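See structure below.
What you are looking at is a predicted structure, and each value in this text was computed from that prediction instead of being measured. Numbering of ligands and ligand atoms starts at 1, following listing order.
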Amino acid sequence: MNTEQILSQTLETPCYYYNTKLLRTTLAALNAARANQRDIHVHYAVKANARPELLRIIAEAGLGADCVSGGEIKAAIEAGFPAESVVFAGVGKADWEIRLALEAGIGMFNVESLPELERISELAVEMGKTARVAFRINPNVDAHTHEKITTGLNENKFGIAMEDMVPAIRMSETLPSVSYEGLHFHIGSSILNLDIFGRLCERINELQDILEAEGIQTRNINVGGGLGTHYEDPDVHPIPDFIGYMDTFRKHLKLRPGQQLHMEPGRSIVAQCGMLLSRVLYVKQGHEKQFLILDAGFTDLIRPAFYNAHHLVQNLSAEGVEPTERYDVVGPICESSDVFQTGTMLPPSKRGDIIAFRTAGAYGEVMASQYNLRRLPGAVFE
Ligand SMILES: *Cc1c(COP(=O)(O)O)cnc(C)c1O
């Protein structure tokens with residue numbers, strides 16, 4: 001990050017600042033980690049950041065797309081992702097979204113319930129198409145992250161319970177215009193402990209044994225996303241450990257001959273290349289605290305209010321100055337949850353200073369809202 005270059009620009013804040021060079025380096029590291037293995041397919045999870053400028057770079061790097069809505073499918077195809085590389089997940093796929101996906105000829109529906117499977121079959125029959133489906137199975141592996149981002153446990157709105165896996169596959173064999181192509185898993189997000197992915201692999205191996213005993217052939221295994229990123233020290237870890245991540249699957253997952261491995265990383269690809277920039281509007285002295293009131297609020301970056309997430313906060317206008325002051329860093333929105341951090345040590349800060357929230361490229365801008373009829377944050381690219 002080049003602070004001087006940032007400060008020399010006339011930035012309208014709040015805005016997102018994207019380092020496209022870092023994004024390209026990250027994608028190169030990911031591609032190096034999969035070592036040109038043609039049976040490893042990486043689908044970028046578009047929900048992490050759907051900026052067309054970033055999507056184009058990710059498509060150029062040869063990734064596919066993991067989408068969770070019709071809007072994302074459209075955005076991915078417009079950005080240059082081949083339709084066959086698109087996988088479509090989500091517990092509540094609406095008719096128009098299923099139709100759009102069938103029309104576009106996407107690679108795979110990741111199906112999350114039996115009623116959804118029936119609906120996809122009906123629409124595919126109507127349209128004279130065949131839907132390739134994978135079943136999203138809940139492997140009951142605890143991702144040990146925040147409860148709001150843990151998805152792989154049995155009692156969860158996502159996916160199909162393990163016990164229902166074989167009946168679901170059997171049902172797909174009896175329905176017209178759907179073909180069973182694989183299994184899909186996604187156990188949660190922000191996972192830095194690779195052993196958790198190892199446990200997922202072991203569970204998948206068990207499930208594969210069950211399917212083989214039933215005489216069921218499975219062409220595709222999709223292990224989902226969830227690889228974490230380092231929010232505490234982005235400058236030390238700008239690029240995630242893709243090698244360790246890939247090696248975990250190489251080591252623990254027993255792929256059958258010809259089986260294709262799919263992954264759906266989102267956060268790990270885009271988190272570090274983006275930050276939210278805002279300006280200090282006021283420094284307000286309370287009785288016991290002082291507040292740094294910013295022009296950015298949870299409408300621009302909701303993760304702290306939503307998940308108690310921590311982003312490294314830096315005063316770019318006072319770079320190199322000792323952090324001697326303690327602030328509650330807050331936004332302007334009329335909700336008491338509009339607090340980014342409390343008790344943050346920063347250099348003495350004043351009105352007009354540029355404050356950066358680092359590691360905000362994933363689940364940042366894409367979650368922005370206009371609550372309070374605020375303007376959406378803009379975006380600047382380096
Ligand atoms: C959100 C999501 C992902 C991406 O998760 P990250 O933690 O951003 O890697 C992948 N697959 C599915 C099905 C998802 O819902």
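- Between Tyr371 and Phe298, the ring planes lie parallel to each other; the angle is under 30°, not in the 30° to 60° tilted range.
- Residue pairs meeting the ring-ring contact (aromatic ring centres under 6.0 Å, His included) criterion with at least one partner in residues 62-81, sequence neighbours excluded, are absent.
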Provide, line by line, the atom pairs where ligand 1 and the protein bring an N/O atom each to a distance under 3.5 Å; else say none.
from     : atom 1 : to     : atom 2 : distance (Å)
ligand 1 : 7 (O)  : Ser189 : OG     : 2.3
ligand 1 : 7 (O)  : Gly226 : N      : 3.4
ligand 1 : 8 (O)  : Arg267 : N      : 2.8
ligand 1 : 8 (O)  : Tyr363 : OH     : 2.5
ligand 1 : 9 (O)  : Gly226 : N      : 2.8
ligand 1 : 9 (O)  : Gly266 : N      : 2.9
ligand 1 : 11 (N) : Asp66  : OD2    : 3.1
ligand 1 : 11 (N) : Glu264 : OE1    : 2.6
ligand 1 : 15 (O) : Lys47  : NZ     : 2.7

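- Judged by distance alone, the side chains of Gln5 and Thr3 never bring a donor and an acceptor atom under 3.5 Å apart.
- Note that Arg358 lies outside the cation-pi zone of Tyr231, set by a 6.0 Å cut-off to the ring centre and a 45° limit from the axis.
- In this structure, Tyr18 and Tyr16 have parallel ring planes: the angle between them is below the 30° cut-off, well short of the 60° mark.
- The one candidate from Arg256, Arg203, Lys254 that meets the salt bridge (Lys or Arg N to Asp or Glu O under 4.0 Å) condition with Asp209 is Arg256.
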